[in-house]
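Below, read A as the first sequence line, B as the second, and so on, with proteins coming before strands; counting in each chain starts at 1. Atoms considered below: every heavy atom in the structure, side chains included; atoms not considered: hydrogens, waters and symmetry mates.
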2 protein chains.
Amino acid sequence: MTSRRRSEMVEETRAKLIRAARSAFAEKGYSTASMDDLTAVAGLTRGALYHNFGDKRGLLAAVVDQIDAEMAERAHAIGSQAESPWEGLMAEGVAYIEMAMEPEVQRIVLLDGPAVLGDPSKWPSQNRCLHATMQTVQALIAQGVVKPVDAEAAARLLNGAALNASLWVAASDNPSEVLVRAVDAFRCMATGLLETPA
Amino acid sequence: MTSRRRSEMVEETRAKLIRAARSAFAEKGYSTASMDDLTAVAGLTRGALYHNFGDKRGLLAAVVDQIDAEMAERAHAIGSQAESPWEGLMAEGVAYIEMAMEPEVQRIVLLDGPAVLGDPSKWPSQNRCLHATMQTVQALIAQGVVKPVDAEAAARLLNGAALNASLWVAASDNPSEVLVRAVDAFRCMATGLLETPA
DNA sequence: TTCTTTACATACGATACGTATGTCAATCTG
DNA sequence: CAGATTGACATACGTATCGTATGTAAAGAA
């Protein structure tokens, strides 16, 4: 009855650890979160951790990857519903700004992630996300909608501006009000990339 | 002969500690840098550290403040030499991108700083810098050069884009070549703020 | 069934932070 | 000028946490 395959068990413990790590890292921050506490919450010990993820960084990498993948999926879903490709790009950027207001994203992906894992553009997840926006930009350039700038550079600047704006919004005293200002300015600045500012 | 005033001595030890911390944090990163090693290099012990800066974070805050102040000064000096106020703003942004290629700036201010000290916009130094660009933007709006967007939001987006671009440049395999692409795209995107894209 | 390997737990050592305490010189006080 | 006091820093200590080395029991192969 309790007979599940080994691989299933492993995936379950990995999931349990990642789940515990997400909340621990989000609440206490990476450096303050204790591996002992973390694993205890998951009903395990540090042994499981070092066996599955190598070290503390490895666990963070797994957590970041999961969150980032969710973000990319959500952003893409939102962007693909837009009227035009350009509006899709804008909606995607705005979605990033809004998502980054969640403590998990904020603390783990934007603050601790870069410090512990290094430049985000090297992460597999971030590469996927960036690649997506890059392709959108590329397509917009081909259509003559966006000026013929370097697609990668444009994508990175858009992402960077969006993510940075979220930090501001989240840290502000009145997030919902600041969010409007941030989104406005974001859309305005982004029009610089347009061939015809319309 | 060795009689210096107490305050002079204190300033000197603080300076020695900050100097040692700058190189240690830049080379090993904040978390890996050992307080024992760090103080030993400065010819002191951890006692001096905790007396002068409270704790490890306090030392990082002092280091960040120093570096950031230097950055603001350099950026302003460069920006004020420009032909027009708008070109000054652009030059300032580009200066940030270039400065962030230095390991000290990169590692300490952009990576560890936010993770350990929290949102950069709350730092006294960053506030000064941001305030400067904010005022520039404000002035440009008054002159009708820049669209009437929220000045703070615009300043933050510009800063964010610039700093993010630097991370990309510094982490790339061919920094000098990537720098050109980043600066190009930055200037292009920033024109979105202009009233008349010219 | 027996042997091997996998998945995790337990035990251990090392490092490093923060605090509590000690010391010595500089300044203040009478 | 002598004694008291404060401040600047060093030393000593306790504790927490990470990573590894070792142990163990169950799953799968032979």
Is B:H51 near enough to D:dC9 that one of its side-chain N or O atoms lies under 4.0 angstrom from OP1 or OP2?
-> no

Nearest whole angstrom, please: distance from the C1' of C:dT19 to the CG of B:L49.
-> 14 Å

Describe the nucleic acid contact of A:T45 in one word from base, sugar-phosphate, nothing, applying a heavy-atom distance below 4.0 Å.
-> base

Shortest non-hydrogen contact from B:L117 toward B:L60 | CG-CD2, 4.1 Å

Scanning both residues in full, the closest heavy-atom pair of B:V109 with B:W123 reads O-CH2, 3.5 Å

Passing candidate, salt bridge (Lys or Arg N to Asp or Glu O under 4.0 Å) with A:R74, options A:E92, A:E98, A:E102 = A:E102

Here the gap from B:I97 atom CD1 to B:W168 atom CH2, rounded to the nearest 0.5 Å, amounts to 9.5 Å

Look at the side chain of A:L44 and decide which nucleotide, out of D:dT17, C:dC17, C:dA9, has an atom nearest to it.
-> C:dA9

Can you tell me the distance, in whole Å, between the CE atom of A:M35 and the P atom of C:dC8?
-> 15 Å

Whole Å only: how far is the CG atom of B:D55 from the P atom of C:dT19?
-> 8 Å

5'-most by nearest nucleotide on DNA chain C - B:R46 or A:T13 = A:T13

Nearest to the side chain of A:A48, which nucleotide is it out of D:dT20, C:dC8, D:dA10?
-> C:dC8

Expressed in angstrom and rounded to an integer, what is the separation of A:L17 atom CG from C:dC8 atom C1'?
-> 11 Å

Roughly, in whole Å, what's the span from CZ in A:F53 to P in C:dA7?
-> 12 Å

Interatomic distance where CG belongs to B:L59 and P belongs to C:dC17 [whole Å] | 11 Å

Phosphate OP1/OP2 of D:dC9: any B:N52 side-chain N/O under 4.0 Å = yes

Can you tell me how far C1' of C:dA7 sits from CD of A:E12, to the nearest Å?
-> 14 Å

Starting at CG of B:D36 and ending at P of D:dC13, how long is that distance when rounded to a whole Å?
-> 15 Å

Indicate the atoms forming the closest heavy-atom contact of B:C188 with A:V149, along with that distance.
-> SG-CG1, 3.5 Å

